[in-house]
Amino acid sequence: MTTYAAFHQRSLTDRDGFWGEQAQLVDWKVQPQQVCDYSNPPFAKWFVGGITNLCHNAVDRHLKDRADQAALIFVSTETNQEKVYSYRDLHAEVQRMAAVLKELGVQKGDRVLIYMPMIAEAAFAMLACTRIGAIHSVVFGGFASGSLASRIEDAEPKVIISADAGSRGGKAVAYKPLLDEAINLSKYKPESVLLVDRGLVPMALVDGRDKLWAPLRDKNLNTVVECEWVDSTHPSYTLYTSGTTGKPKGVQRDTGGYCVALAASMKHIYAGNAGETYFSTSDIGWVVGHSYIIYGPLIAGMATIMYEGLPIRPDGGIWWSLVEKYKVTVMFSAPTAIRVLKKQDPTLLSKYDLSSLRALFLAGEPLDEPTAQWISDGLGKPIIDNYWQTETGWPILALCNGVEKVVSKFGSPGKAVYGYDVKLLDDQTGEELTGPNQKGVVAVEGPLPPGCMQTVWRDDERFVNTYWKSVPGKLVYSTFDWGVRDADGYYFILGRTDDVINVAGHRLGTREIEESIAAHPNIAEVAVVGVADQLKGQVAMAFAVVKDASLVADETSALKLEAEIFKLVDRDLGAVARPARVRFVTVLPKTRSGKCLRRAITAVCEGRDPGDLTTMDDPAALQQIKDLVSAR
Ligand code: ATP
Ligand code: MG
């Protein structure tokens, strides 16, 4: 049996041999002539000369062996719907959608913007686009008109696919008025808007522009739409980053490289098999939804669960009940969701038969040790943290469950994934840090492996300047995350590079201070930011959410808890890391994808404009911090 170290090593030293083998996990109309063309760094072309289709690999090629097996399992606890689509059903639905898009004039290379709730039609829409070679651009359904308008302008979609409404916590959230407003705001106008009417909210249609899905679908019940065979390098989609650190970047993905990368990851990382069920709790608006709700599981011939609803409704056991019912073998979620479950009755974790489940993967933000321990104890299954970015499309750091038995170290997303030549670099000198436990910027030597971003949509210059120029004199991809690697090759992510605090010459990662504070039994969640200070250069400021608000109901008890936290940080990291203040709030400002907006907190603390907040979830959260800071 190969050890993981040898597997990883070969992926770098025999790059073309390694990826040439992985390429055989997918179907090609024409086999690639060249595995990787890196003649124009940092632009990598994968599987050059290869001709394929993403939808064919996700749907059509399974018809031969598993037409009647489940492909898409749609579950909504919002509208109490549950529907299982076999591969045959999915194939039919995708062709109907593809036929309608063609009727609306969509051709290969045209963009289609998808602004939809988590319903099966959203999956049909994505697959229909890649089927006909159109480039989809999914915009998270929770975004307001401003965020949507800027994405419409950037993508210039011929058609927008949307719905009357989403639903959250049992309440309908109208989409159509937001979409109308966004189209009004945008300088670019789509030719058509295709609408799924769920019957949740009445919607007004714009004559000539808006079309309803149902009658067009009925007209095309039996229309055959063949896959459009495209070059491996043909763009399959664009997707924006979460906007945690600033203006979101439009990530452009290819076809062949992405298809191979996902197929390989399903085998080596997630270890899911055809005929089994995969359950990712993400949203199609995020990269995890693209790679591991839609394309990855389907390419692997698995059934994938698409879940619309909250993790705690009707109760905190809903996800585990689905694991039992559909015999889920691989599950994928985010630390933020596990923290939500942590506040629920822990017996819900043992109420269902989870014997089918092999592992729970978590990604998206740092997985703190107490949360990892809690879910690990509760489920009794391997908990596998994995670290990646919208830009990469699949994990950079993980443990490869399909290659060797994983040994997790809580707090670490594991080792460098095959295909990634991960380096830690000194952010000042660019020098590579090779020893254990040295802190540096997590970087990847080019070429990025298959599946990673090709460029920034219509902006090659921004791609090069944003990602490849941060280290002087060296062309290397920066993740803008700060990390450390231990002697066993396990990485620990310490925070974003702009979250490094320099207190009187000591460089500290906000994550380290947060971990220390989060270990206090009364703290549910905490954000630490570096704030400019005349004397020390920077000081750390902490904003913490307490588990029980009565603990900080008055000034004295708040000061008492603050003093306890100071002691904890002093003990763990030394007095130099002690925050100037620990302030208590009921909620932290986050992106819609659940990531803490530290840059906005910093700006508020420094009395600056917090910048682009279009992807922020709850504006009241930032207001609390503003109030605290101005009351000082
Ligand atoms: P933007 O780039 O627009 O500021 P973003 O970086 O939040 O937004 P994403 O691509 O959704 O957008 O998130 C990727 C980032 O999330 C990583 O760079 C890292 O900071 C964080 N992250 C993802 N997974 C993990 C993980 N397992 N552990 C720690 N951090 C993680
Ligand atoms: Mg980012």
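One-based numbering, in listed order, for ligands and for the atoms of each.
Annotation: ligand 1 has protein neighbours T241, S242, G243, T244, T245, K249, G364, E365, P366, D385, N386, Y387, W388, Q389, T390, E391, D481, I493, R496, K595, each with a heavy atom less than 4.0 angstrom from the ligand.
Geometric assessment of R485 against the ring of F492 yields a negative cation-pi assignment under the 6.0 Å and 45° thresholds.
Qualifying ring-ring contact (aromatic ring centres under 6.0 Å, His included) partners for F43, counting only residues two or more places apart in sequence or in other chains: F463.
The distance between the ring centers of H8 and Y420 does not fall below 6.0 angstrom.
Looking only at atom types and distance, the side chain of T3 has no donor-acceptor partner in the side chain of E404 under 3.5 Å away.
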Kindly determine whether K409 and D486 satisfy salt bridge (charged side-chain N to carboxylate O under 4.0 Å, His left out), including the steps that lead there. CA-CA 11 Å; K409 292 192 189 187; D486 72 10; 2.7 Å; yes
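Side-chain contact check for Y491 versus Y387: every heavy-atom pair is 4.5 Å or farther apart.
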